[in-house]
Amino acid sequence: MTDLTGKRALVTGAGRGIGREIALELAQAGASVIIINQNPERGSAVLTEIKAANGEGWSLLGDVADRETADNLAEEALKLTGGIDILVNNAGITKDNLFMRMKPEEWEQVLGVNLNGVYYITRSLIRHMVKQRFGRIVNIGSVIGSTGNPGQVNYSTTKAGLIGFTKSLAKELGGRNITVNTISPGFIETDMTEELNEKQKEAILSQVPLGRMGSAQEIAWAVRFLVSDQAAYITGTTLHVNGGLY
């Protein structure tokens with residue numbers, strides 16, 4: 001497997017679910033990992049797991065959807081590690097509602113975390129990556145960004161926007177040896193999908209050719225690949241990890 005020894009990674013939304021698995025996977029590969037989330041207990045738990053596996057890591061608390069907070073988090077991360085080589089924009093939320101009933105705050109909160117948060121933390125770190133002429137940026141999207149879904153106009157808008165963000169930024173930064181890619185998970189076992197009832201799960205699984213939910217570990221493996229030397233010629237792309245669900 002890919003060796004990331006000596007690399008320094010930052011993962012947002014890493015307190016649980018997919019973000020947690022990504023942080024653990026990168027640490028297992030040898031990277032030093034900074035995890036960002038808003039829950040001190042969850043952050044501490046993930047950090048304990050990293051250190052229990054003889055990894056190196058730090059936990060920072062804050063909301064990347066706030067511009068000043070994102071700037072401060074990036075500055076603190078750079079002080080702790082001396083630099084960031086890998087940025088995984090995983091933090092995201094849902095505020096589902098049918099569009100006709102969707103409140104402005106449900107729209108603004110989802111765009112705030114899922115798009116503004118990506119912009120703020122990436123903007124705060126990009127000058128450093130350009131200066132060191134190396135970087136790997138992976139944005140965690142969703143199959144919903146490609147397919148759409150009733151009740152998720154706000155969420156699907158942000159995940160579709162993330163693809164445009166990825167493609168444009170990849171073209172701007174390719175000459176500086178910085179790659180930018182998106183991974184679009186499908187139906188993944190997380191706390192979010194645990195909230196679905198059995199009837200809802202069966203309806204979704206009936207559309208998945210592989211006939212099962214994916215795991216957060218499978219997303220983490222995809223991230224590990226995209227930040228590796230083996231993926232150095234891949235940028236501006238969207239890697240779908242969805243069991244064939246389109």
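- Side chains of Val88 and Leu10 form no contact here, defined as non-hydrogen atoms less than 4.5 Å apart.
- Taking hydrophobic clusters as Ile, Leu, Val, Met, Phe, Trp and Tyr residues chained together by side-chain heavy-atom distances below 4.5 Å, Ile219 shares a cluster with Leu4.
- Inter-residue side-chain proximity for Thr2 and Phe225 is flagged as unmet; no heavy-atom pair is nearer than 4.5 Å.
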Set out, in order, the CA-CA distance, both residues' side-chain angles and the distance that settles side-chain contact (heavy atoms from CB on, under 4.5 Å) for Leu87 and Ile126, then state yes or no. CA-CA 10 Å; Leu87 169 62; Ile126 205 64; over 6 Å; no

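- Remark: side-chain polar atoms of Gln132 are paired, donor with acceptor, to backbone N or O of Ile84 under 3.5 angstrom.
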Should Val241 and Trp221 be marked as a side-chain contact (heavy atoms from CB on, under 4.5 Å) after you check the CA-CA gap, both sets of side-chain angles, and the distance that decides it? CA-CA 10 Å; Val241 185; Trp221 284 333; over 6 Å; no

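- Distance NZ/Lys159 to OG1/Thr238: 12.0 Å, rounded to 0.5 Å.
- The distance from the CG atom of Leu125 to the CE atom of Met129 is 6.0 Å, given to the nearest 0.5 Å.
- Heavy atoms only, all atoms of each residue included: Pro185 and Ile140 are closest at CG-CG2, 3.9 Å.
- Panel note: side chain Arg133, backbone Asn177; no donor-acceptor pair is recorded below 3.5 Å.
- At most 12 non-hydrogen atoms from other residues, nucleotides or ligands lie less than 6.0 angstrom from CG of Asp229.
- The hydrophobic clustering, which links ILVMFWY residues whose side-chain heavy atoms are closer than 4.5 Å, places Ile183 and Val180 apart.
- Glu76 contributes atom CD, which lies 13.5 Å from atom OG of Ser124 (distance to the nearest 0.5 angstrom).
- When atom types are taken as modelled, the side chain of Asn149 and the backbone of Gln152 share no donor-acceptor pair closer than 3.5 angstrom.
- No option in Val138, Ile86, Thr235, Thr179 other than Val138 meets the side chain to side chain contact (heavy atoms under 4.5 Å, CB included) test with Leu226.
- Counting non-hydrogen atoms of other residues, nucleotides and ligands closer than 6.0 Å to NZ of Lys51 gives a total of 12 or fewer.
- Ile34 and Ile121 fall within the same hydrophobic cluster, defined by Ile, Leu, Val, Met, Phe, Trp and Tyr side-chain heavy atoms under 4.5 Å apart, directly or through other members.
- Scanning all heavy atoms of the two residues, the minimum distance from Ala70 to Tyr120 falls at CB-CB, 3.6 Å.
- How far CD1 of Ile93 is from OG1 of Thr158: 9.0 Å, rounded to the nearest 0.5 Å.
- Between Ile178 and Val130, some side-chain heavy-atom pair lies under the 4.5 Å cut-off.
- In the model, Gln217 has no side-chain atom that pairs as donor or acceptor with a side-chain atom of Ser215 under 3.5 Å.
- For the pair Ser206 (side chain) and Ala203 (backbone), a donor-acceptor distance under 3.5 Å is present.
- In terms of heavy-atom proximity, Ile163 sits nearest to Ser146 at CD1-OG, 4.2 Å.
- With sequence neighbours excluded, the residues forming a side chain to side chain donor-acceptor pair (under 3.5 Å) with Asp66 are Thr69, listed by chain and number.
- For the residue pair Thr122 and Asn89, a side-chain donor N or O sits within less than 3.5 Å of a side-chain acceptor on the partner.
- Between Leu61 and Asn39, the closest side-chain pair of non-hydrogen atoms is not below 4.5 Å.
- Sorted by first and then second residue, the salt bridge (charged side-chain N to carboxylate O under 4.0 Å, His left out) pairs involving residues 114-127 (not counting sequence neighbours) are Asp71-Arg123.
- Counting non-hydrogen atoms of other residues, nucleotides and ligands closer than 6.0 Å to CD of Glu105 gives a total above 12.
- Both tests pass for Lys7 against the ring of Phe134: distance under 6.0 Å to the centre and angle within 45° of the axis.
- A chain of hydrophobic side-chain contacts below 4.5 Å, direct or via other Ile, Leu, Val, Met, Phe, Trp or Tyr residues, connects Ile144 to Val208.
- Between Ala216 and Ile18 the shortest heavy-atom distance is CB-CA, 3.9 Å.
- Here the side chain of Ser44 pairs no donor or acceptor atom with the backbone of Pro40 at under 3.5 angstrom.
- Here the CD atom belonging to Glu56 is positioned 3.5 Å from the OG atom belonging to Ser32, to the nearest 0.5 angstrom.
- Between Thr94 and Val110, the shortest heavy-atom contact is C-CG2, 4.1 Å.
- Distance alone, capped at 3.5 Å, places no donor-acceptor pair between the Asn37 side chain and the Arg42 backbone.
- Between the side chain of Thr237 and the main chain of Ile234, no donor-acceptor pair closer than 3.5 Å is present.
- Put simply, the side chain of Asn90 never gets that close to the backbone of Asn139: no donor and acceptor are under 3.5 Å apart.
- Contact of the Lys201 side chain with the Phe187 side chain is registered, since non-hydrogen atoms from C-beta on lie closer than 4.5 Å.
- Val118 places a side-chain heavy atom less than 4.5 Å from the side chain of Leu162.
- A salt bridge links Glu49 with Arg20; the closest basic N to acidic carboxylate O contact falls under 4.0 Å.
- Screening residues 85-96 for salt bridge (charged side-chain N to carboxylate O under 4.0 Å, His left out), with sequence neighbours left out, gives Arg8-Asp85.
- Within the 4.5 Å cutoff, no side-chain heavy atoms of Leu60 are placed close to those of Ile35.
- Not a single ring pair (Phe, Tyr, Trp, His ring centres under 6.0 Å) links Phe99 to another residue, sequence neighbours left out.
- You'll find the side chain of Asn114 stays beyond 4.5 Å of the side chain of Asn154, heavy atoms only.
- A continuous path of Ile, Leu, Val, Met, Phe, Trp and Tyr side chains, each step under 4.5 Å between heavy atoms, connects Val11 with Leu239, placing both in one hydrophobic cluster.
- Contact detail for Gly15 and Val46: the closest heavy-atom pair is O-CG2, 3.7 Å.
- The distance from atom CH2 of Trp58 to atom CD1 of Ile36, rounded to the nearest 0.5 Å, is 13.0 Å.
- Screening residues 227-246 for ring pair (Phe, Tyr, Trp, His ring centres under 6.0 Å) gives His240-Tyr246 as the qualifying pairs, with residues at least two apart or on separate chains.
- For Glu218, the salt bridge (Lys or Arg N to Asp or Glu O under 4.0 Å) partners two or more places apart in sequence, or in a different chain, are Arg212.
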